[in-house]
Amino acid sequence: MFIREAFNIPVTMVRQYAGPNSIRRRKLRWINEMLTHSRERVPYYRQDDRYHIGPITDLAQLERLPVLEKAVLRERPTEDLLAEGIDLDTCRRFQTSGSTGHRVTVWHDAVTHDYHMAACFRRFAATRAYRPTDRLTHIRPYAAPERGFEKLKLFRRHQILSHLPMEQIKAELLGNRPHVLAGQPVHVREVLRALTTDELTQLRRTLRMVLTESELLTPEHRARLVEGYGVPVFDEYSAFEILNIYFECSKGGKHLAEDRIHVEVLDDDGNSLPDGQEGRLVITPYMERAMPLVRYAIGDIGVIGTEPCGCGRKFRTLELTVGRANDFIVLPSGKQLYPDTFVWFAAIHDGIDECFVHQNADGSVRISIVPAAHVTDVNEVFDSVRKEMFRLAGHEFDLELVTAEKLPLTVGGKGKFITSEYPGES
């Protein structure tokens, strides 16, 4: 609800400057409420005695609880993790393929989602350069619905689907004359490569910043973007299951959204690590009530900062060291196909439960498809996949389609979504 979002904007702005004790008290109160709610109304937690503990008095006591792995969301019925009695008509539903190509449905209650949307304002405010009237072009693999305030020319988003031909992407980008360019690093890098000197000069006349999101932004890629676009780059880390995790300020601090999430860093044995040490990220979005995720292993590796940020915000900072890589395959023609080309196609295709991609040393591509349970003729699915892949590539290429029973996993339990033996440069 827009009114609730608007009310929460000043609240979220103030809370980022609250002291550590205030942040700790808020976390303890909300996490205890979440645990009580989960034990009473969520089948998954109610059935597990390990969650039947009294109120925690120290955040370190969360280590007594099990880590919720992504496999649970993939393998258990969604109803097991949904709160009983929740009105789904009032919730926000997300269906994500993640890095594995496997669809997972996540629900966020309206109060939590509205607070998250209000908190997104500080992502823009933290840059100290964004204005609500700025034109923003967002290159992304799917289109989000237009918000009402965009009609008032506030927080306008001009969305370009990332799988479109590059010439069309460039034409739309330059036509919008954006002040802000947003997208995954892999996409904004590719746009930068494709722009001619004259086109880049034209874009720079209005562009003031680049906002990156979703995938790991390495220092090398950041430097390339800053040099190429000639503007500052600000990173954001989020996931459909958690929503916003951190936002970057003008001083370079990547601040955790600690007014709605608690982040732990664990070693390989599941023990909590102190700030400054690298490990697995486990996140508890403690405001959630529709589909609570207690100590959720997001699948990334990072380290929490030990020094306060010069901007004055009190939220801890996080540096991703190993994130959700988003490389691409290169066809013999030179055409690049990104993982989200396959991921989002799988996510919206009614006949596909999941898929994974392998490129052979000769450049040929094999897509292994796990058909949906209702599919009676897999050849029809293959025909539609082949047609769409050739359309996205702009030409036919050596493509093999096969069926599979499930997505292959690494030793660490992560999905092998895309692999390549082809020596083409990425």
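Keep in mind that this is a model prediction, so the values were computed, not measured. Sequential numbering from 1 along the given sequence is applied to the chain's residues.
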Does the [X] side chain pair with the main chain of [Y], one donor and one acceptor, at a distance under 3.5 Å?
X	Y	result
T127	S250	no
Q359	V330	yes
D109	V111	yes
K254	E236	no
R135	R177	yes
N8	D114	no
Q202	E199	no
R280	G302	no
E213	S238	no
N32	L28	yes

More than 12 heavy atoms from other groups under 6.0 Å of [atom1] on [X]:
X	atom1	answer
R29	CZ	yes
D87	CG	yes
K314	NZ	no

Regarding [X] and [Y], does a basic nitrogen lie under 4.0 Å from an acidic carboxylate oxygen?
X	Y	result
R46	E84	yes
R26	D259	no
E248	R222	yes
R74	E69	no

Look at the aromatic rings of [X] and [Y] and report parallel, tilted or perpendicular, splitting at 30° and 60°.
X	Y	result
F124	F155	tilted
Y51	Y45	perpendicular
F94	H113	tilted

To the nearest 0.5 Å, how far apart are OG in S38 and CE in M291?
11.5 Å
Candidates H37, H108, H116, R260 - the one meeting side chain to side chain donor-acceptor pair (under 3.5 Å) with E288
H108
Do Q277 and V303 have side chains that approach each other closer than 4.5 Å (heavy atoms only, starting at C-beta)?
no
